[in-house]
Amino acid sequence: MSNRLASEKSPYLLQHKDNPVNWWPWGDAAFAAARTTDRPIFLSIGYATCHWCHVMERESFEDAEVAQLLNDTFINIKVDREERPDVDTIYMNACQVATGRGGWPLSIMMTPDMRPFFAATYVPKTGRYGRDGMLQIIPRVAEIWQKDRSALQNVAENFLNALKNASMHNLAGEELSTQVLDAAFRHHEQQYDSVNGGFGHAPKFPSPERLRFLLRYWNRTGNTRALQMVEHTLQQMRRGGLFDQLGGGFHRYSTDPMWLLPHFEKMLYDQALLVLVYLEAFQATGRLEYEQTVRSVLEYVCRELQNAEGAYCTGEDADSEGIEGKYYVWSIDEVRRVLDPAATRLVTAAFNLTETGNYVDEATRDRTGDNIFHRSPGDDLSDSISLCAASRRLFELRAQRVRPLLDDKVLTDWNGLMIAALARCGAVLNDADLIRRAVKCAQFIEAHMVPESGRLLHRWREGEAAIAGMLDDYAYMVMGLLALYEATGEEDYCSWALVLTQTVLAEFRAEDGGFYLTAQDSKTLLMRPRQPFDSALPAGGAVMMMNLLRLGRITGETELEAVGHDAIAAHSTGLRQYPDGFNAALSALDYALGPSTEVIVSGARSLARTQAMLLALRGTYAPNAVILSRPAFRDSNEPAIHVCHGSTCDLPTEDTEVVIARLQTPRIKHRLG
């Protein structure tokens, strides 16, 4: 029989509806049941495309013995972290306080008043390597709850105090100058893997916000080391197994230092953020490889993640048929069966296939005999017609396999990121279709996710929009709307961005100038969460810093710009002392420190000269410039370029090259110096 999750919309919760565990969705009813039955709560948080969430389900939540223990001891609550990032943030912070690390699945045991007393990630069914499993932990907790509850209450109180202290940590107080950017660069340089690209060791994450900051640092200083670190990392990721060489798109992260063995889930936000950094690298260098990567990723997104109404689904699972990566890997024999000998030789050489396989199971460390397609370092990716044809044949055959689960819910925040990516790529690459897709996605959000003016809902699925919008929903949508405004010149996008921004300032702004994750009128949680640090996603507060600065410059509303400066100042200690967690805010600081530029191309948009001016300007890497098109300011429809720096504007010009040179002044000055 199904449990209480059967009536939920989340694909993740629905995956667990037939578990023998008596799951409840998060809500008042579950907490009332815990109080009535005098039981603690077991809270399990994950997401539909999470491989280790599936492992824990098979080992424990589908196991009759474990399920019985859970049902006898706890009120069991299951949460989709993508639906409830507010809940996830609180208890992930608890896990990091308790263990020094985090991840999913997240396993929490807590009192009926939401205070945690146990926090872990994946917990095996039985103990191994000195670590207890579910069969050992649950009976011990049940006994303590009955016989020595005060001990658990004391642990819970200590947890709560630690969480409150962490949330009240003062991140302000440092002097902000270009020295903060210099210190961040030196830190990233120390973390840089000069052999494989990327930062740190395994597991290795793409870190697009760090790469975007380093591009801005290169732009400001002309320091070619920063650009080299970015390019090397982007090239290694593109050639590795992290990138789906046959179907496009990036997997979640690499379990090894070489970008070879990924966790195979594909997330919408990774595609959007990586598209933005590859696009900026293309603007900075003109390398066609980066443009090709952008187009390949967007082709994947539009083919596999776009729904019939123009919005974008959350992501694809790592597993198919219960096996991680099965959809993506190939044995040599499989390739031989479908390709002729010449094509097999081409594919084997290009994608580094071996007889014994290069895929090593992460858990057992055994070779499976399968291959992850990847390119060699330094490969120029200039594929022959024959190799392209063979790759296409393998892609078509792969499409006949059992596909990984598509998590088809629509999240406002992640769609805001994709709107930004599509709009910026459309403008830079002169691709009207990408801009149309961004427009269609924004229209979907407006039609389905806006309950009233200035408000957003967080999740839509199967015709139902629900869950009050959180900070990231507003911040990422404003980011997307500003990108659409720059790409189209349509004032409605700027107006909508302003309305949403006013909601953020009224409902989410904290006393110190930072931002809460939830609005003032949100339902009560253990505490009102804040998330100042970047995670796999840029911190919503940091995105709002940039939004406020850009909106202030676009609209001339200096109050917005001042609020943006205040938000940066509220995190100044974090920017200086913890650059790994504040890369998006460092990019906002780079903008705030200036020089920033507003460029308006006036003239009839139908004129070829107007379009040529816009394309040349947009193709230039100038991250601190806002480039807009407006109708002609003069009687003539002939285009002209108006350049302003702060409160000072130059005379109009028709010389695009002069303007581009002005936009590139910082790094040109450094080179000449």
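No experiment lies behind these values; they were computed from the predicted model shown.
The heavy-atom pair separating Y217 from A226 by the smallest distance is CD2-CB, 4.1 Å. Of all heavy-atom pairs between C425 and V294, the closest is SG-CG1, 3.6 Å. Considering every non-hydrogen atom in both G619 and V428, the closest pair reads CA-CG1, 4.3 Å. When all heavy atoms are compared, the tightest approach of A585 to M545 is CB-SD, 3.9 Å. Considering all non-hydrogen atoms of both residues, L387 and A350 come closest at CD2-CB, 3.5 Å. F243 approaches G249 most closely through the heavy-atom pair CD1-O, 3.6 Å.
Counting heavy-atom neighbours within 6.0 Å of Q96 CD, excluding the residue itself, gives a total above 12.
Applying the salt bridge (charged side-chain N to carboxylate O under 4.0 Å, His left out) test to every pair with at least one member in residues 415-429, sequence neighbours left out, gives no pairs at all.
Remark: the backbone N or O of Y621 is not paired with any side-chain donor or acceptor of Q664 at under 3.5 angstrom. Formation of a donor-acceptor pair under 3.5 Å by the Q15 side chain with backbone atoms of A48 is found in this model. Using a distance-only test at 3.5 Å, with no hydrogens or angles considered, no donor-acceptor pair links the side chain of R81 to the main chain of G46. Put simply, the side chain of R84 never gets that close to the backbone of D80: no donor and acceptor are under 3.5 Å apart. Side chain of R252 to main chain of M267: no donor-acceptor pair is present (N/O by atom type, distance under 3.5 Å, no hydrogens or angles). When atom types are taken as modelled, the side chain of D473 and the backbone of D413 share a donor-acceptor pair closer than 3.5 angstrom. Using a distance-only test at 3.5 Å, with no hydrogens or angles considered, a donor-acceptor pair links the side chain of N358 to the main chain of I372. Counting only distance, with no hydrogens or angles, the side chain of T121 and the backbone of G102 share no donor-acceptor pair below 3.5 Å. Without hydrogens or angle criteria, T233 side chain to G198 main chain gives a donor-acceptor distance under 3.5 Å. Judged by distance alone, the side chain of T314 and the main-chain N or O of K409 form a donor-acceptor pair under 3.5 Å.
In this structure, a donor-acceptor pair under 3.5 Å is absent between the side chains of H251 and D244. For D472 and W414, the side-chain atoms include no donor-acceptor pair closer than 3.5 Å. Judged purely by distance below 3.5 Å, without hydrogens or angles, the side chains of Q236 and R375 never pair a donor atom with an acceptor atom. For the residue pair N196/H232, the side-chain donor-acceptor check at 3.5 Å is not satisfied. Side-chain atoms of H51 and D319 form a donor-acceptor pair, as typed in the model, at a separation below 3.5 Å.
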Verdict with reasoning, Q283 to R618, per side chain to side chain contact (heavy atoms under 4.5 Å, CB included) | CA-CA 8 Å; Q283 290 175 295; R618 289 166 171 167; 5.6 Å; no
Report the C-alpha distance between Y476 and V543 in whole Å, list the side-chain angles of each, state the deciding distance to 0.1 Å, and finish with yes or no for side chain to side chain contact (heavy atoms under 4.5 Å, CB included).
-> CA-CA 7 Å; Y476 298 166; V543 174; 3.6 Å; yes
Verdict with supporting geometry, Y12 and Y47, ring pair (Phe, Tyr, Trp, His ring centres under 6.0 Å) = CA-CA 5 Å; Y12 175 64; Y47 56 102; 7.5 Å; no
Please walk me through it: do N624 and T597 pass side chain to side chain contact (heavy atoms under 4.5 Å, CB included)?
-> CA-CA 6 Å; N624 294 345; T597 307; over 6 Å; no
Hey, mind stepping through D590 and F213 against side chain to side chain contact (heavy atoms under 4.5 Å, CB included) and telling me if it holds?
-> CA-CA 8 Å; D590 177 67; F213 163 71; 5.5 Å; no
Report the C-alpha distance between F444 and W460 in whole Å, list the side-chain angles of each, state the deciding distance to 0.1 Å, and finish with yes or no for ring pair (Phe, Tyr, Trp, His ring centres under 6.0 Å).
-> CA-CA 10 Å; F444 178 94; W460 179 94; 5.0 Å; yes
Evaluate the criterion ring pair (Phe, Tyr, Trp, His ring centres under 6.0 Å) for residue pair Y278 and F250; output intermediate values, then yes/no.
-> CA-CA 12 Å; Y278 276 94; F250 284 93; 5.7 Å; yes
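With salt bridges taken as basic N to acidic carboxylate O contacts below 4.0 Å, none links K266 and D407. In summary, E189 and R225 engage in a salt bridge, as defined by a charged side-chain N under 4.0 Å from a carboxylate O. The pair R337-D333 does not count as a salt bridge, with every side-chain nitrogen at least 4.0 angstrom from each carboxylate oxygen. Electrostatic pairing of R295 and E299 does not count as a salt bridge here, judged by no charged N lying under 4.0 Å from a carboxylate O. Under a 4.0 Å N-O distance rule, the pair R212/E209 qualifies as a salt bridge. E82 and R461 are not joined by a salt bridge, as no carboxylate oxygen comes within less than 4.0 angstrom of a charged side-chain nitrogen. Salt-bridge annotation for E280 and R216: present, with a side-chain N of the basic residue lying under 4.0 Å from a carboxylate O of the acidic one. Look at E334 and R401 and you find a salt bridge, because one of the NZ, NE, NH1 or NH2 atoms lies within 4.0 Å of a carboxylate O, short of that distance.
Taking the side chain as every heavy atom from C-beta outward, H188 and N583 approach each other to under 4.5 Å. Between L586 and V180 the shortest side-chain heavy-atom distance falls below 4.5 Å. Residues L234 and Y290 are in side-chain contact: their nearest non-hydrogen atoms beyond the backbone lie under 4.5 Å apart.
Take T488 and apply the side-chain contact (heavy atoms from CB on, under 4.5 Å) test, not counting sequence neighbours, and it matches I435, L484, E490, Y493. Scanning for side-chain contact (heavy atoms from CB on, under 4.5 Å) contacts around L615 gives N430, with sequence neighbours left out. Scanning for salt bridge (Lys or Arg N to Asp or Glu O under 4.0 Å) contacts around R530 gives D512, with sequence neighbours left out. Residues that satisfy the side-chain contact (heavy atoms from CB on, under 4.5 Å) test with S535, not counting sequence neighbours, are L537. The side-chain contact (heavy atoms from CB on, under 4.5 Å) check on N352 picks up H374, S376, with sequence neighbours excluded.
Among L298, L411, V275, the single residue meeting the side chain to side chain contact (heavy atoms under 4.5 Å, CB included) criterion with M418 is L298.
Cation-pi geometry between R367 and Y359 is not met: the NZ or CZ atom fails to fall both under 6.0 Å from the ring centre and inside 45° of the normal. No cation-pi contact links R239 to W259, judged by a cut-off of 6.0 Å to the six-membered ring centre and 45° from its axis. At least one test fails for K204 against the ring of F199: distance under 6.0 Å to the centre or angle within 45° of the axis. Annotation: cation-pi pair R287/F282 absent, no NZ/CZ under 6.0 Å from the ring centroid and within 45° of its normal.
In this pair, F264 and Y328 present their aromatic rings parallel. The plane angle is below 30°, not in the 30 to 60° band. The aromatic rings of Y253 and H263 lie perpendicular to each other, with more than 60° between the two planes, well past the 30° mark.
Y312 has its ring centre no less than 6.0 Å from the ring centre of Y269.
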